Amino acid sequence: MKVAILSGSVYGTAEEVARHAEGVLKKAGLDAWHNPRASLEDVLAFGPESFLVVTSTTGMGELPDNLQPLYYAIRDRLPAWHGQPGGVIALGDSSYGDTYCAGGEQVRELFAELGVLEVLPMLRVDASESVTPEQDAEPWLAEFVNALRS
Ligand SMILES: Cc1cc2nc3c(=O)[nH]c(=O)nc-3n(C[C@H](O)[C@H](O)[C@H](O)COP(=O)(O)O)c2cc1C
């Protein structure tokens with residue numbers, strides 16, 4: 001199964017988690033592909049059968065600048081990904097209150113518009129609690145792998 005991993009990051013933490021996830025998925029035998037600077041054309045050329053989006057939140061609940069162009073390109077073009085499985089890992093900080101992991105929520109809304117099916121509830125990684133986000137994502141990633149295989 002081809003899994004496109006898309007990431008949005010300001011300081012690099014979400015990108016590290018995405019890179020780690022690529023390794024975990026590949027080890028599990030999935031054809032995972034992560035390009036932190038992917039354009040929509042790059043993603044379409046890969047021919048994804050499923051999606052993992054790893055994104056932090058910045059500003060007052062916004063997506064990082066390096067994910068926004070791809071996000072809006074997908075929203076404008078609405079590629080035919082209906083029915084394909086997906087999952088979201090959201091990095092945030094619960095001290096931001098109402099906008100906690102709002103970037104991840106925006107990705108969930110996009111999945112809903114596209115008809116991409118969330119196979120697991122979104123994972124929230126709280127910077128107030130987690131000092132090892134890559135490792136903390138591993139149990140969720142193991143479930144994600146199982147969900148993609150079933
Ligand atoms: C200027 C700034 C604004 C932020 N705004 C939010 C926010 O609105 N909601 C949230 O959950 N986290 C917010 N965060 C926390 C980051 O999302 C969190 O620290 C994350 O782990 C950073 O990941 P990154 O290194 O991939 O950017 C903010 C952090 C900074 C520095």
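First listed ligand is number 1; within each ligand, the first listed atom is number 1. Note that this is a predicted model, so its numbers are computed, not measured.
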### ILVMFWY cluster, Leu30 and Val119 together (side-chain gap under 4.5 Å)
yes
### Query
Numbering the atoms of ligand 1 from 1, which are under 4.0 Å from a heavy atom of Thr13?
23 (O), 24 (P), 25 (O), 26 (O)
### Task
Could you pull out the closest heavy-atom pair between Gln106 and Glu62, with the gap in Å?
NE2-CA, 4.0 Å
### Message
Just to confirm my output: which protein heavy-atom neighbour is closest to atom 23 (O) of ligand 1, and how far is it?
### Response
Ser56 CB, 3.2 Å
### Task
Check the pair Phe144, Leu52 against side chain to side chain contact (heavy atoms under 4.5 Å, CB included), reporting the backbone distance first and the verdict last.
CA-CA 9 Å; Phe144 186 64; Leu52 172 61; 4.0 Å; yes
### Query
Considering only heavy atoms from C-beta outward, does the side chain of Asp42 approach that of Trp33 to under 4.5 Å?
yes
### Nearest non-hydrogen protein atom, atom 5 (N) of ligand 1
Gly59 O, 3.0 Å
### Summary
Ranked by distance from atom 11 (O) of ligand 1, the top protein heavy atom is Cys101 N, 2.8 Å
Atom pairs and distances, donor-acceptor, side-chain atoms in residues 74-92, under 3.5 Å, two or more places apart:
from, atom 1, to, atom 2, distance (Å)
Arg77, NH1, Glu41, OE2, 3.4

### Summary
To atom 16 (C) of ligand 1, the nearest of Val10, Thr58, Thr57, Asp93 on a heavy-atom basis is Thr57
### Message
Polar contacts were defined as any N/O atom of the residue lying under 3.5 Å from an N/O atom of the ligand; does this apply to Gly61 and ligand 1?
### Response
yes
### Task
Identify the protein heavy atom lying closest to atom 26 (O) of ligand 1, giving its residue, its atom name and the separation to 0.1 Å.
Ser9 OG, 2.6 Å
### Query
Using 4.0 Å as the upper bound for N to carboxylate O, is an ion pair formed by Arg19 and Glu22?
no
### Task
Say whether Thr132 and Asp136, considering side chains only, have a donor N or O and an acceptor N or O under 3.5 Å apart.
yes
### Query
Just heavy atoms, cut-off under 4.0 Å: does Tyr96 contact ligand 1 by side chain, backbone, both, or neither?
side chain
### Query
Do Met60 and ligand 1 have an N or O pair less than 3.5 Å apart?
no
#### Entry: Separation between OH of Tyr72 and CG of Leu110, rounded to the nearest 0.5 Å
10.0 Å
### Message
Quick one, His34 and Ser7 - any side-chain contact, counting heavy atoms below 4.5 Å?
### Response
yes
### 4.0 Å heavy-atom contact, Ala102 with ligand 1
no
### Query
For atom 8 (O) of ligand 1, what's the nearest protein heavy atom and its distance?
Thr99 OG1, 2.7 Å
### Query
For ligand 1, is any non-hydrogen atom under 4.0 Å from Ala127's backbone (N, CA, C, O), its side chain (CB onward), both, or neither?
side chain
### Message
Between ligand 1 and Pro64, can you find any atom pair, the residue atom being a heavy atom, that is separated by under 4.0 Å?
### Response
no
